[in-house]
Amino acid sequence: MFDFREYKNNGYTIIDNVISKKLISQFNKELKSIHPDKNKLEMSGKNDIFGKFFKKNSNRKTYYALMQDMKSVKSIAYEIDKKLEDLNVYKKLGFKAPSIKNALIVSLPGEKKFDNPLHQDIYNNHSNLFIKIWAPLSEVSVERGSMELFKKSQSLGFVKPKYDKLKYYPEINKKNIDNYESNILSFKPGPVVIFNPLILHRSVPNNSDKTRFVIGCDIQDISQIYDLKESSIYRKMLDITKKRKTIRKKINY
């Protein structure tokens, strides 16, 4: 079920039973096959050899880039899209020509430098009609790492972040969340979160001993693309995006 009212009021809602156990199993099977000795690759507890293998590998950037297009990742993204269609999410939100882009996010145990501070998802925003999907492929919680959302904070509209050149990402002043209720998402794979890109949110560090995997989807309506000449907000977002890209190129992933 898609709770349209909850999405509009709170800025997000959770849709249950989206990702099948079969595809989660296929994803984990493909992960095991990545390691040179797949018989040694265990994906749970202290035996998270994938995390150790991935973190210290000199080809980490290449692995990460190619993992974006794993068959299971594409299949899961398709399954999410089909569920949104079946639940009339696109129709209820007014989409006419959805454009869907997905990415696999890998969060290693104890590695915090890639965690996002308080922010809005403006960096790929090109349309007046834009939604985000956050779909964990492993358990998420305060301990295992997750996403923290601030209910109703999308009502602030675009909030310009401060860019500290010593950090990887721009950050929104924490004073902006003083009056908003926090929710750290906690559940096992299966549900997905649909949220307004302007809702204030941030990463919750992975303090467990297991790698966390999440699929993120950007869904925008091509029929409502911003007009660069007319939209001052869009120009501001592009300016921040360009600065962010410049810094991220220097990151040794």
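Applying the side chain to side chain donor-acceptor pair (under 3.5 Å) criterion to S182, with sequence neighbours excluded, gives E148. Looking at residues two or more places apart in sequence or on another chain, you find no salt bridge (Lys or Arg N to Asp or Glu O under 4.0 Å) involving E143. In this view, S231 satisfies the side chain to side chain donor-acceptor pair (under 3.5 Å) rule with no residue, not counting sequence neighbours. Listed by chain and residue number, nothing satisfies the side chain to side chain donor-acceptor pair (under 3.5 Å) test with K83 (two or more places apart in sequence, or in another chain). By the side chain to side chain donor-acceptor pair (under 3.5 Å) test, S223 is found to be paired with D221, residues two or more places apart in sequence or in another chain being considered. Under the ring-ring contact (aromatic ring centres under 6.0 Å, His included) criterion, F195 pairs with H201, not counting sequence neighbours. Under the ring-ring contact (aromatic ring centres under 6.0 Å, His included) criterion, Y180 pairs with no residue at all, not counting sequence neighbours.
As a member of the Ile/Leu/Val/Met/Phe/Trp/Tyr network built from side-chain separations under 4.5 Å, I225 groups with I222. Other residues sharing the hydrophobic cluster of I184, ordered by chain and number and joined by side-chain separations under 4.5 Å: V142, V204. Hydrophobic cluster membership for L238: I122, Y123, F158, L198, Y226, L228, I233, Y234, M237, I240 (Ile, Leu, Val, Met, Phe, Trp, Tyr linked by side-chain heavy atoms under 4.5 Å, directly or transitively).
S146 contributes a side-chain N or O that, together with a main-chain N or O of L185, makes up a donor-acceptor pair within less than 3.5 Å. A distance-only check finds a donor-acceptor pair linking the side chain of N206 to the backbone of S107 [under 3.5 Å]. Not a single donor-acceptor pair under 3.5 Å links the side chain of Q154 to the backbone N or O of P197. No side-chain donor-acceptor contact under 3.5 Å links Y63 to the backbone of N57. S203 places no side-chain N or O within 3.5 Å of a backbone atom of P205 that could act as its donor or acceptor partner. In this structure, D69 contributes its side chain and L66 its backbone to no donor-acceptor pair below 3.5 Å. At least one donor-acceptor pair closer than 3.5 Å links the side chain of Q220 to the backbone N or O of N124.
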Table please: side-chain donor-acceptor pairs of residues 84-96 below 3.5 Å, with sequence neighbours left out.
residue : atom : partner : partner atom : Å
D86     : OD2  : K82     : NZ           : 3.1
Y90     : OH   : D81     : OD1          : 2.7

Contacts under 3.5 angstrom, residues 129-140 side chains, donor-acceptor by atom type, not counting sequence neighbours:
residue : atom : partner : partner atom : Å
K132    : NZ   : D218    : OD1          : 2.4
S138    : OG   : F213    : N            : 3.0
E139    : OE1  : R144    : NE           : 3.4

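A heavy-atom distance below 4.5 Å is found between the side chains of V193 and F187.
Ring geometry for F2 versus F4: interplanar angle over 60°, hence perpendicular rather than tilted (30 to 60°).
A donor-acceptor pair shorter than 3.5 Å can be found between the side chains of S72 and E30. There is no side-chain donor-acceptor pair under 3.5 Å between K151 and N10. Residues E6 and T13 bring a donor and an acceptor atom of their side chains to less than 3.5 Å of each other.
Between R60 and E111 there is a salt bridge, with a side-chain nitrogen of the basic residue lying less than 4.0 Å from a carboxylate oxygen of the acidic one.
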